[in-house]
Protein chains: 2
Amino acid sequence: MSGTREKIIELGENLIRTKGYNAFSYQDISTELGIKNAAVHYYFPSKENLGTSIVKTNIQRFEEMTENMKSLGFDEWQQLDAFVKIYVKSHREQKLCIVGSLGPDYNTLSETTRAELVRMTDIILNWLTGLLTSGKAKQVFSFGEEPRVKANRIITNLMASLLLSRIIEKFDFKAVYQSVTEELRS
Amino acid sequence: MSGTREKIIELGENLIRTKGYNAFSYQDISTELGIKNAAVHYYFPSKENLGTSIVKTNIQRFEEMTENMKSLGFDEWQQLDAFVKIYVKSHREQKLCIVGSLGPDYNTLSETTRAELVRMTDIILNWLTGLLTSGKAKQVFSFGEEPRVKANRIITNLMASLLLSRIIEKFDFKAVYQSVTEELRS
DNA sequence: TCATTTACTTACTTATTAGTAAGTATATTT
DNA sequence: AAATATACTTACTAATAAGTAAGTAAATGA
């Protein structure tokens with residue numbers, strides 16, 4: 001096993017998050033990996049297939065992370081910090097998140113890829129809502145709104161800040177994510 | 001004058017905001033307008049050219065709106081409401097905003113289109129920052145953060161909420177934009 | 001009225017795309 | 001040792017993309 005399949009998924013994800021789904025081609029991947037176009041089709045018969053696999057991999061990664069935090073007994077603040085760190089890392093790597101990259105192309109995606117994107121977005125929003133609900137109940141987080149609305153506002157802050165950082169060089173990404181968390185302190 | 005040029009710009013904008021920049025073609029436009037491919041190239045020699053014109057048109061529209069509000073003596077709340085309404089309209093039409101649509105494709109855009117997108121984003125962020133600064137000084141808006149950071153957080157809330165509304169059917173867009181404004185009440 | 005500009009069409013070209021069918025060398029299994 | 005599965009390559013196809021050169025019909029201007 002040379003791990004080509006995994007490399008294709010990783011490269012595909014990076015391409016989606018830097019150029020966008022409709023701007024990358026199988027050639028981009030095959031050239032980078034030093035293989036032929038058809039070799040990519042060997043693993044992923046169609047682009048829709050690859051797109052779906054990339055989203056599925058991301059879902060798995062997210063679920064492993066949250067389950068891991070749970071089993072390690074992370075408190076609400078630790079979990080929130082770990083979550084925010086995902087976006088801080090994306091920002092450092094000048095990448096958008098998967099949802100922010102594939103969302104604008106939603107209407108051009110296949111039904112199966114759409115379904116996975118919906119599932120991923122749901123999982124993230126539900127997880128964060130749960131975290132905020134629990135943190136509010138235990139009074140470790142302090143905020144006035146409904147947890148679901150607060151979750152929506154935090155995620156939109158993080159997602160679109162990655163986008164604006166790409167456009168506006170001096171966009172203060174740090175100020176945004178810091179105010180997101182500081183606001184929750186009581 | 002048949003207004004073909006204006007129709008192309010309008011259609012192009014709608015295509016960018018529904019399918020994304022790299023997913024639409026001159027064929028999409030020519031077919032819809034009942035003209036030939038080459039006719040679109042007659043007005044806009046290259047796609048980069050069209051993209052740039054679309055962003056420029058949006059900048060003009062935004063500046064006309066803000067100048068108009070100023071000359072009509074709109075107060076801070078009226079101006080904020082008018083601004084939020086742009087996104088409410090986009091939401092109703094199931095479209096993203098131009099920045100949210102072109103941002104993910106930023107790395108695939110030409111230098112000239114990028115420059116206009118940067119300019120547009122700057123203009124909007126500066127305008128909202130100014131509005132929040134003035135509203136805070138007059139104590140008609142109440143918020144703790146720096147106006148620039150608050151502006152960033154409001155815009156990211158609105159932009160990415162359009163995106164999430166596209167993915168998650170039952171995404172509560174209204175709850176987000178209402179909490180954005182209600183939060184500013186003292 | 002003649003010349004020119006405007007607003008296109010016709011008919012291409014070149015490049016790139018996703019995708020496929022058939023072949024091959026190397027491991028792995030029986 | 002023979003059969004088979006794995007991981008590809010070679011060599012394409014068909015579709016679509018952006019873009020162009022040359023032509024045309026109608027309106028406008030001198």
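Just so you know, these numbers use all the heavy atoms, side chains as well, and skip hydrogens, waters and symmetry mates. Letters A, B, ... mirror the listed sequences (proteins, then strands); counts begin at 1.
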Would you say B:Ser71's side chain and B:Asn68's backbone share a donor-acceptor pair under 3.5 angstrom? yes
Using only atom types and a distance under 3.5 Å, with no angle test, would you say the side chain of A:Lys95 pairs donor to acceptor with the backbone of A:Asn14? no
Residues from residues 34-54 of chain B sitting under 4.0 Å of DNA chain C, heavy atoms only? B:Ile35, B:Lys36, B:Ala38, B:Ala39, B:Tyr42, B:Tyr43
Do any of residues 5-32 of chain B sit with a heavy atom less than 4.0 Å from DNA chain C, and if so which? none
Gap between atom [atom2] of [Y] and atom [atom1] of [X] - 0.5 Å precision:
| X | Y | atom1 | atom2 | result |
| --- | --- | --- | --- | --- |
| B:Met120 | B:Thr57 | CE | OG1 | 10.0 Å |
| A:Thr156 | B:Asn157 | OG1 | CG | 4.0 Å |
| A:Ile167 | B:Thr121 | CD1 | OG1 | 4.0 Å |

Given the rule in the side chain to side chain contact (heavy atoms under 4.5 Å, CB included) test, do A:Arg166 and A:Phe171 qualify, once you have shown the distances and angles that lead to the verdict? CA-CA 8 Å; A:Arg166 172 172 290 180; A:Phe171 184 86; over 6 Å; no
Checking [Y] against [X]: is there a side-chain donor and acceptor pair closer than 3.5 Å?
| X | Y | answer |
| --- | --- | --- |
| B:Arg185 | B:Ser142 | no |
| B:Glu145 | A:Ser179 | yes |
| A:Thr108 | A:Asn22 | yes |

Stretch residues 102-114 of chain B: residues that reach within less than 4.0 Å of DNA chain D through a heavy atom: none
Tell me whether B:Leu162 shares a hydrophobic cluster with A:Val149, the cluster being built from Ile, Leu, Val, Met, Phe, Trp, Tyr side chains joined at under 4.5 Å. no
Looking at D:dA7, I'd like to know if its phosphate oxygens (OP1 or OP2) sit under 4.0 Å from a side-chain N or O belonging to A:Thr4. no
